[in-house]
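This structure is a prediction, so every number in the text was calculated from the model and none was measured. In what follows, chains carry the letters A, B, and so on, assigned in the order in which the sequence lines appear, proteins first and then strands, with residues in each chain numbered from 1.
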Number of protein chains: 2
Amino acid sequence: MQATPQISQNKKADSCADCPIQHRAVCAYCEKTELLMLEAMKSYKTYNAGETIIMAGDEMEFVGSVVTGVASLSQTMEDGRRQMVGLLLPSDFVGRPGREYAAFDVEATTSVTLCKFARRPFEKMLEQTPRLRERMLEMALDELDAAREWMLLLGRKTAREKISSLLMIIAKRQNTLVQIEQASNLKFELSLTREAMADYLGLTLETVSRQINALKKDGVISLEKKRHVVVKDVNRLLNETGDDADGGYFT
Amino acid sequence: MQATPQISQNKKADSCADCPIQHRAVCAYCEKTELLMLEAMKSYKTYNAGETIIMAGDEMEFVGSVVTGVASLSQTMEDGRRQMVGLLLPSDFVGRPGREYAAFDVEATTSVTLCKFARRPFEKMLEQTPRLRERMLEMALDELDAAREWMLLLGRKTAREKISSLLMIIAKRQNTLVQIEQASNLKFELSLTREAMADYLGLTLETVSRQINALKKDGVISLEKKRHVVVKDVNRLLNETGDDADGGYFT
DNA sequence: AGTAATAATTGATCCAGATCAAGTCGCCCT
DNA sequence: AGGGCGACTTGATCTGGATCAATTATTACT
């Protein structure tokens with residue numbers, strides 16, 4: 001039963017073009033008074049690729065969301081083993097309201113612009129604003145779903161399935177449903193190093209490299225540059241992920 | 001730096017003894033009117049060990065929470081590979097408000113009693129009740145933290161570390177902080193089969209069996225019955241998990 | 001252009017955990 | 001008591017991905 005690739009939650013769809021705050025948490029929350037409060041509170045900051053934004057244990061002075069670029073949330077064991085536990089793309093939220101000290105490392109994978117709010121005022125506003133809290137709940141639940149898919153990937157998928165899944169995940173988040181359905185030739189920028197991919201997938205960078213080249217040799221993808229992927233047949237790639245054909249949620 | 005084992009979030013602490021609704025989502029929410037509404041809505045149901053409570057794809061008629069027993073949330077691939085993605089102990093919530101069809105399988109691991117609310121009315125109540133929404137957000141964020149710890153386990157820990165971590169997780173959730181600190185001889189019921197443990201940890205049941213017996217042979221634990229564990233020295237076990245000594249969150 | 005630094009590939013070997021295959025234990029049932 | 005079934009253990013072997021070790025692109029900097 002081979003269905004058309006479906007995109008479950010395209011977060012882009014949630015943003016409203018006329019809202020000056022370009023991120024999901026507060027974007028749909030376009031009511032005048034609070035919007036102005038948020039406007040007054042926010043500030044932008046840009047980090048360079050590779051820069052550490054927050055280290056586990058740091059005091060959390062702010063929360064915010066990714067406006068442009070890619071950041072990662074990860075955990076490191078004493079002996080250096082690393083596991084990425086969150087991939088933060090534009091519209092994703094950073095920080096946990098009510099949390100004093102960071103539990104995970106946040107790093108800029110590419111150059112990243114963050115829209116920041118001082119944590120305390122944001123928390124106060126969260127208390128006063130049911131609509132915003134509702135939005136945060138929705139986001140947390142979406143992330144939880146994503147984390148659970150990710151757990152299946154980490155626990156049970158083969159290296160090849162892991163790589164294919166990652167490619168699909170990134171393709172989905174960077175392109176709209178329409179683009180993917182039409183795409184006999186889907187291209188996208190894979191803005192992660194082999195090492196970052198390995199940390200995402202629970203593999204070594206050597207295995208990542210080998211599997212990407214295997215997919216290439218088998219004609220599933222081709223590479224224009226090391227980090228620019230061309231998918232010839234999306235369904236072919238989807239088959240390699242090990243997921244159900246119609247994958248994704250039922251909402 | 002060997003610290004005393006810390007327990008980050010003991011969910012038991014959140015329940016209020018005089019609240020007739022014995023679960024976390026609504027428990028702290030003891031305001032008369034809505035409490036009565038919830039009272040009127042709720043119904044209990046008990047499932048036998050091994051019974052399927054919900055299958056992925058089913059229509060979700062209810063949400064609710066675990067009152068007694070242990071249930072699991074899991075995902076299955078077409079070829080039968082299974083990964084547990086949630087372990088549901090008393091006070092844990094089942095179902096996602098707003099979700100029409102189940103995304104995961106829910107199964108009773110032991111005999112389980114669920115306190116159920118019809119989904120629609122619960123959702124309506126959630127809309128009207130900011131305090132309940134706040135509670136749900138907090139729970140979702142806790143689960144997300146747990147999922148991220150779990151991802152580190154799945155992606156980077158060795159089989160022995162995985163088993164040790166699981167034992168610590170269960171010990172923590174079944175005992176209070178005080179009990180654990182004092183415990184030179186911590187006992188607990190491990191209410192999972194070897195297979196369920198394997199599904200939790202991304203291992204095979206044979207490996208689970210071998211590692212448990214290795215921990216026993218090395219004197220880290222002993223077994224009174226196959227599923228009744230005695231931990232002689234909690235710090236010794238904690239060392240085997242690969243986690244930081246003071247592990248857990250900073251709130 | 002040349003050189004250093006970083007990212008990626010590729011090969012050879014190894015080993016933790018999977019797989020396959022018998023057992024054994026404990027428990028319910030008549 | 002015995003038999004049957006599910007849960008668990010234990011052993012032998014295999015293998016996917018890790019590890020170790022060079023190269024070979026890329027990119028960034030003078």
Quiz prompt | Residue list, salt bridge (Lys or Arg N to Asp or Glu O under 4.0 Å) with B/Lys116, at least two apart or on another chain | solution =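 Per chain and number, B/Lys116 pairs via salt bridge (Lys or Arg N to Asp or Glu O under 4.0 Å) with no residue.
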Quiz item: In whole angstroms, how far is the P atom of D/dC8 from the CD1 atom of B/Ile212?
Solution: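 The distance from CD1 of B/Ile212 to P of D/dC8 comes to 9 Å, rounded to the nearest Å.
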Quiz item: What integer distance in Å separates A/Leu223:CG from D/dT26:P?
Solution: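 That distance rounds to 11 Å.
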Practice problem: Answer whether the closest heavy-atom distance between the side chains of A/Leu215 and A/Leu167 falls below 4.5 Å. | Solution: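 SC-SC contact between A/Leu215 and A/Leu167 confirmed.
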Exercise. Could you tell me whether the side chains of B/Ser74 and B/Arg82 share a donor-acceptor contact shorter than 3.5 Å?
Key: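 A donor-acceptor contact under 3.5 Å links the two side chains.
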Quiz item: If we ignore angles and hydrogens, is there a donor and acceptor under 3.5 Å between the side chains of B/Thr68 and B/Thr113?
Solution: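 Side-chain D/A pair, B/Thr68 to B/Thr113: present.
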State whether the side chain of [X] and the backbone N or O of [Y] hold a donor-acceptor pair below 3.5 Å, judged by distance alone.
X        : Y        : answer
B/Arg81  : A/Arg156 : yes
A/Gln83  : A/Asp199 : yes
B/Asn239 : B/Arg236 : no
A/Thr110 : A/Gly69  : no
B/Arg148 : B/Glu143 : no
A/Ser209 : A/Leu205 : no

Quiz item: What does nucleotides 12-20 of chain C look like as a protein-contact string, B for base, S for sugar-phosphate only, - for none, at under 4.0 angstrom between heavy atoms?
Solution: B----SSBB
Practice problem: Working to the nearest 0.5 Å, report the span between CD1 of A/Ile169 and CG of A/Asp243. | Solution: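 Spacing of CD1 (A/Ile169) from CG (A/Asp243) equals 8.0 Å.
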Practice problem: Look up atom CG in B/Leu166 and atom CG in B/Leu87, then write down how far apart they are to the nearest 0.5 Å. | Solution: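 The CG atom of B/Leu87 is 8.0 Å from CG of B/Leu166, to the nearest 0.5 Å.
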Quiz item: Which stems does DNA chain C form, counting runs of 3 or more consecutive Watson-Crick or G-U wobble pairs with both distances under 3.5 Å?
Solution: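 Stem segments, range with range: C:1-30 with D:1-30.
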Which atoms of nucleotides 4-8 of chain C (N or O only) lie under 3.5 Å from a protein N or O atom, and what are those distances?
unit_1, atom_1, unit_2, atom_2, d
C/dA7, O3', A/Arg227, NH2, 3.2
C/dA8, OP1, A/Arg227, NE, 2.9
C/dA8, OP2, A/Arg194, N, 2.8

Quiz prompt | Minimal non-hydrogen separation, A/Asp145 against B/Arg96, with atom names | solution =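 For A/Asp145 and B/Arg96, the tightest heavy-atom pair comes out as OD2-NH1, 2.7 Å.
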Exercise. Run through B/Val231, B/Val230, B/Val229 and flag the one making a side chain to side chain contact (heavy atoms under 4.5 Å, CB included) with B/Ser222.
Key: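 The residue from B/Val231, B/Val230, B/Val229 that satisfies side chain to side chain contact (heavy atoms under 4.5 Å, CB included) with B/Ser222 turns out to be B/Val230.
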Self-check item: From A/Asp105, A/Val94, A/Leu73, residue fulfilling side chain to side chain contact (heavy atoms under 4.5 Å, CB included) relative to A/Ile54
Solution: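 It is A/Val94; the other options fail the test.
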Polar-atom pairs under 3.5 Å, protein N or O versus N or O of nucleotides 27-30 of chain D: list them with distances, or write none.
none

Exercise. Could you check which residues of residues 47-55 of chain B get a heavy atom under 4.0 Å from DNA chain C? Sort them by number, please.
Key: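 Per residue number, the list is empty: none.
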